[in-house]
Number of protein chains: 2
Amino acid sequence: MSFDARIRAAIEGDIRSGTLRPGNRLLSEHELAALHGCSRATVSKAMGALHRAGLIERRRKAGSFVADQHVHSAVLEVPDLAALIAARGHVYRWQLLSRRLSGSALHVEGLHHEGDTALALETRSIAIDTVPQAAQESFDTIAPGTWLLAHIPWTSARHRIRAAGASAAEARALGVAENTACLILERSTWRGDAAVTTVRQVFRGDMFDMVAHFEPSRT
Amino acid sequence: MSFDARIRAAIEGDIRSGTLRPGNRLLSEHELAALHGCSRATVSKAMGALHRAGLIERRRKAGSFVADQHVHSAVLEVPDLAALIAARGHVYRWQLLSRRLSGSALHVEGLHHEGDTALALETRSIAIDTVPQAAQESFDTIAPGTWLLAHIPWTSARHRIRAAGASAAEARALGVAENTACLILERSTWRGDAAVTTVRQVFRGDMFDMVAHFEPSRT
DNA sequence: TCCGATATTATGTCTAGACATAATAATCCA
DNA sequence: TGGATTATTATGTCTAGACATAATATCGGA
C-alpha cells in the first residue's frame with residue numbers, strides 16, 4: 001500500500017470512527033509528513049484526495065479541518081442514451097418532433113426510442129449565440145445532444161433530477177397513461193460563462209434509472 | 001493561471017473541440033512536460049485530474065488516451081435530510097413506524113417529516129453482523145441514517161435513483177394519492193467488503209429533487 | 001513458427017527541497 | 001486605544017530528479 005493511500009485511509013478512518021469530529025483541525029502537512037515518514041508532497045496529494053471527496057476543508061495558514069458531514073458527494077454517471085440503449089441490446093432511434101428558431105434560441109423537441117417504445121421525451125433549447133452552426137442543422141436524423149457533443153466544447157454542467165407525473169402531452173408522446181411517474185432530468189451546460197444548451201428529458205419511470213457511486217479511496 | 005490548470009485546459013479544449021478524438025493517444029507525460037516547459041510531476045497532476053473527470057484513460061507503457069464520451073460523470077450531492085429541511089427553514093422530525101429484527105438484519109421503517117408534511121418514507125435494513133450496536137438502538141427518536149453516520153465508518157456507497165408511482169401503502173404513509181409520482185432513492189453502503197445498510201427512500205416528487213454538477217476544472 | 005527471456009517505455013509513486021500566496025497573529029506607532 | 005505594518009504559518013504550486021511496475025515489443029533459440 002502506498003504512503004498516499006495509507007495516509008488517506010488513516011485520516012478517513014479517524015473521521016469515520018469519530019476520533020476526528022467535524023470542525024476538528026488535522027495535523028499540518030509538515031507534521032503528517034514527519035509522522036508518516038514521507039515527504040510533504042505525498043501528504044499533500046492525500047489531503048487533496050480527501051478534500052475532493054468532501055471529507056476535509058482546507059484553509060491557508062489556518063490548516064485542514066474535518067468537514068461537516070451533512071452532505072456527501074457521489075459520482076453520478078450520466079449516460080448517453082444511444083450508448084445505453086445499445087448496451088441493453090436494443091436499437092436506438094431519434095425522432096424529431098419539432099424545431100423552431102425563436103430569437104437567439106433554437107428549440108428542438110423529439111423522442112428517444114428504445115426499439116419500438118419511446119424511452120424519453122426531450123425538449124431542448126440551444127443558444128445560437130454560442131453555437132451558431134446549430135442554426136444550420138435540421139436535427140431530423142441526429143439527436144441534438146449527440147451533435148452538440150461532437151461540435152462544441154463545454155466546460156461545466158448542472159443536472160437536476162426529479163420525479164413527476166406525465167402531463168397529457170408528455171403521456172401522449174411517450175405512449176403512457178397521463179400522470180404516469182416519470183424521471184425528469186434537466187441539464188444546463190455552459191462554455192465558460194456562456195450558456196450552451198438547456199435540455200429537459202422526461203423518462204418513462206419504469207424503463208430508466210440513474211446510478212451514482214461514492215468511493216473516497218480514489219487517488 | 002498555473003501550469004496544472006493550463007495543461008488541463010489545453011487538453012480538455014482539444015478533446016472537446018474534436019482535435020483529439022476518443023481513442024486518440026495523447027503525448028506522453030515527458031513530451032507534454034517538454035512542450036509546456038514544466039516538470040513531469042506537474043503534467044502528471046493535470047493528467048490525474050483529467051482521468052478523474054473521466055476525460056482520459058491511462059495505461060502503463062501504452063500511454064494516455066481520450067476516453068469514449070458515451071458516459072460522463074457529475075458530482076451528485078446527496079443531502080442529509082435533517083440538514084436539508086433545516087436549510088429550507090422547516091422543522092425536521094423522524095417518526096418510527098416499525099422496527100423488526102429478522103435473522104442477521106434489522107429492518108426499520110419510518111417517515112421523515114418536513115414541518116407537518118411527510119417528505120419521505122424510509123425502509124432500511126441494517127446488517128447487525130457489521131453493526132452489532134444497532135441491535136440495542138430503538139430508533140424511535142433518532143433516524144437510523146443519522147445514527148449510522150455517527151457510529152460506523154463506511155467506505156463506499158452505491159445510489160440508484162428512479163421514479164415510480166406511490167403504492168397504496170406508500171401513498172397512505174406520505175399522505176398523497178395512490179400512484180403519485182415519487183422519486184425513489186436506494187442506497188447501499190459498505191465498509192470494505194462488508195455490507196452496512198441498504199435504504200430505500202420514497203420522496204414526494206413535488207417536494208424533492210437532486211442536483212449534480214460537473215466541472216472538470218477541479219484540481 | 002512458436003515460445004520464452006529480455007529490453008524498452010509510459011505511467012505510478014515518491015523525495016527533498018523551493019518560492020508564492022493568503023490568512024492570521026504580533027508589533028509598533030500615532 | 002485604534003490602526004497600519006510586519007512576521008509567521010499552512011497551504012498551493014512547482015522542480016528535477018529517483019525507483020517501481022506493468023505492458024508491450026523484440027530477439028534468440030528450439
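A note on names: the letters A, B, ... follow the listed sequences, proteins ahead of strands, and every chain is numbered from 1.
When the side-chain nitrogen and oxygen atoms of B:Ser64 are compared with OP1 and OP2 of C:dT11, one or more of them lie within a distance under 4.0 Å.
Computed from coordinates, the B:Met47 CE to C:dG12 C1' distance equals 13 Å when rounded to whole Å. Straight-line distance from the CZ atom of A:Arg25 to the P atom of D:dT9: 11 Å, rounded to whole Å. The nearest whole Å value for the distance from the NE2 atom in A:His30 to the C1' atom in D:dG12 is 13 Å. The distance between atom CZ of B:Arg52 and atom P of C:dT11, rounded to the nearest whole Å, is 16 Å. For B:Arg58 and D:dA22, the CZ to C1' distance is 14 Å, given to the nearest whole Å. In this structure, A:Phe65 places its CZ atom 11 Å from C1' of D:dT11, rounding to the nearest Å. One interatomic measurement links the two molecules: CD of B:Glu29 to C1' of C:dT9, which rounds to 12 Å at whole-angstrom precision. In this structure, CG of A:Leu27 is placed 15 Å from C1' of D:dT9, rounded to the nearest angstrom.
Taken from CG in A:Leu27 to CE in A:Met47, the straight-line distance is 8.5 Å, to the nearest 0.5 Å.
Remark: B:Trp94 pairs with B:His112 by the ring-ring contact (aromatic ring centres under 6.0 Å, His included) rule, at least two apart or across chains. For A:Phe139, the ring-ring contact (aromatic ring centres under 6.0 Å, His included) partners two or more places apart in sequence, or in a different chain, are A:Trp147. With sequence neighbours excluded, the residues that form a side chain to side chain contact (heavy atoms under 4.5 Å, CB included) with A:Thr189 are A:Trp154, A:Ala157, A:Arg187, A:Val196, A:Thr197. Residues passing the side chain to side chain donor-acceptor pair (under 3.5 Å) test with B:Thr117: none are found, sequence neighbours excluded. A search for salt bridge (Lys or Arg N to Asp or Glu O under 4.0 Å) contacts involving A:Asp209 returns B:Arg160, not counting sequence neighbours.
Mapping A:Lys61 and A:Phe3 onto DNA chain C by nearest heavy atom places A:Phe3 closer to the 5' end of the strand.
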How does each nucleotide of nucleotides 16-21 of chain C score, in 5' to 3' order, for protein heavy atoms under 4.0 Å: base (B), sugar-phosphate only (S), or none (-)? B-B--B
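For A:Thr42, the listed nucleotide lying nearest its side chain is C:dT15; candidates were C:dT9, D:dT13, C:dT15.
The neighbour count for B:Asp116 CG, taken as heavy atoms of other residues, nucleotides or ligands under 6.0 Å away, does not exceed 12.
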